[in-house]
**Q** 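Below is the structure I would like to discuss, written out as structure tokens.
Hydrogens, waters and symmetry mates are skipped; everything else that's a heavy atom, side chains included, is used. This chain uses plain numbering: 1 for the first residue, then up along the sequence.
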Amino acid sequence: MPDMSPGMTKPAHGAHHIAPDIHGQNFYAIDRQFQDLLSLYLEPGLSAHMTPYFDRLGALAGNRLDELAQIADKHPPVLQPRDRFGRDEDWIDYHPPTARWRRSPSRSLACTP
């Protein structure tokens, strides 16, 4: 049993351990550890050049890609092993927004600072 000295509060349980929702935030801007790691591995000139690209990707990840991930969690892909005549075909049906995003990833991830 943990030591509960007077004045100490009880350790948090349950929902208190859940990370806060960060949807809508720039994932690059809030990830200080990633920025520190990049400063170790990238030369200053390259880091200055790449920062707008990382910032753009962080904004996409925190907004549109996060929305698509939430949709994909609620509507997972479905494996269709056979066509309507019973032939082995094996294809995957994706939820429409996920299918649209998968067809045009270059437009969704355009990295123009």
Side-chain angles (χ1 to χ4, degrees):
M1 181 165 182
D3 180 26
M4 296 300 288
S5 303
M8 292 185 68
T9 59
K10 240 177 144 175
H13 293 292
H16 301 290
H17 289 264
I18 297 174
D21 184 14
I22 56 172
H23 175 75
Q25 295 186 36
N26 183 317
F27 286 5
Y28 173 73
I30 65 173
D31 194 344
R32 187 68 197 155
Q33 290 86 5
F34 181 62
Q35 293 174 29
D36 291 343
L37 187 64
L38 287 175
S39 70
L40 291 173
Y41 287 98
L42 296 179
E43 296 174 5
L46 181 58
S47 178
H49 174 75
M50 293 301 295
T51 297
Y53 293 96
F54 291 137
D55 191 61
R56 171 83 171 123
L57 283 173
L60 281 171
N63 290 294
R64 184 64 184 141
L65 294 180
D66 194 35
E67 290 170 9
L68 290 170
Q70 290 176 17
I71 291 170
D73 284 346
K74 292 177 182 149
H75 305 280
V78 177
L79 173 64
Q80 302 294 340
R82 293 174 188 82
D83 66 8
R84 65 185 194 154
F85 301 108
R87 295 179 293 220
D88 290 334
E89 292 292 329
D90 289 336
W91 75 91
I92 299 173
D93 281 335
Y94 294 95
H95 191 258
T98 306
R100 281 193 301 272
W101 175 73
R102 289 177 53 88
R103 283 195 297 269
S104 62
S106 60
R107 281 187 227 133
S108 298
L109 296 174
C111 289
T112 52

**Q** For a quick test of reading the model, state the closest non-hydrogen atom pair linking Gln35 to Tyr28 and the distance between them.
**A** NE2-O, 2.7 Å

**Q** Could you state the interatomic distance from CG (Asn26) to CZ (Arg56), rounded to the nearest 0.5 Å?
**A**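 Rounded to the nearest 0.5 Å, the CG-CZ separation comes out at 10.5 Å.
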
**Q** Strictly distance-based, threshold 3.5 Å: is any side-chain N or O of Asp66 a donor or acceptor partner for the main-chain N or O of Gly24?
**A**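 Not confirmed, Asp66 side chain does not pair with Gly24 backbone.
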
**Q** Measure the spacing between CD of Gln25 and CG of Asn63 and express it to the nearest 0.5 Å.
**A**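 Nearest 0.5 Å value for the CD-CG distance: 9.5 Å.
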
**Q** Please check if Phe34 and Ile30 belong to a single hydrophobic cluster, counting links between Ile, Leu, Val, Met, Phe, Trp and Tyr side chain heavy atoms closer than 4.5 Å.
**A** no

**Q** Using the ring of each side chain (for Trp, its six-membered ring), is His75 parallel, tilted or perpendicular to His95, with breaks at 30° and 60°?
**A** parallel

**Q** At what distance, to the nearest 0.5 angstrom, does CG of Leu68 lie from CG of Asp73?
**A**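 Here the rounded value is 11.0 Å.
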
**Q** Report yes if some heavy atom in the side chain of Leu37 is under 4.5 Å from a heavy atom in the side chain of Gln33; otherwise report no.
**A** no

**Q** Do the side chain of Asp31 and the main chain of Phe27 share a donor and acceptor less than 3.5 angstrom apart?
**A**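 The answer is no, because no donor-acceptor pair under 3.5 Å joins these two groups.
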
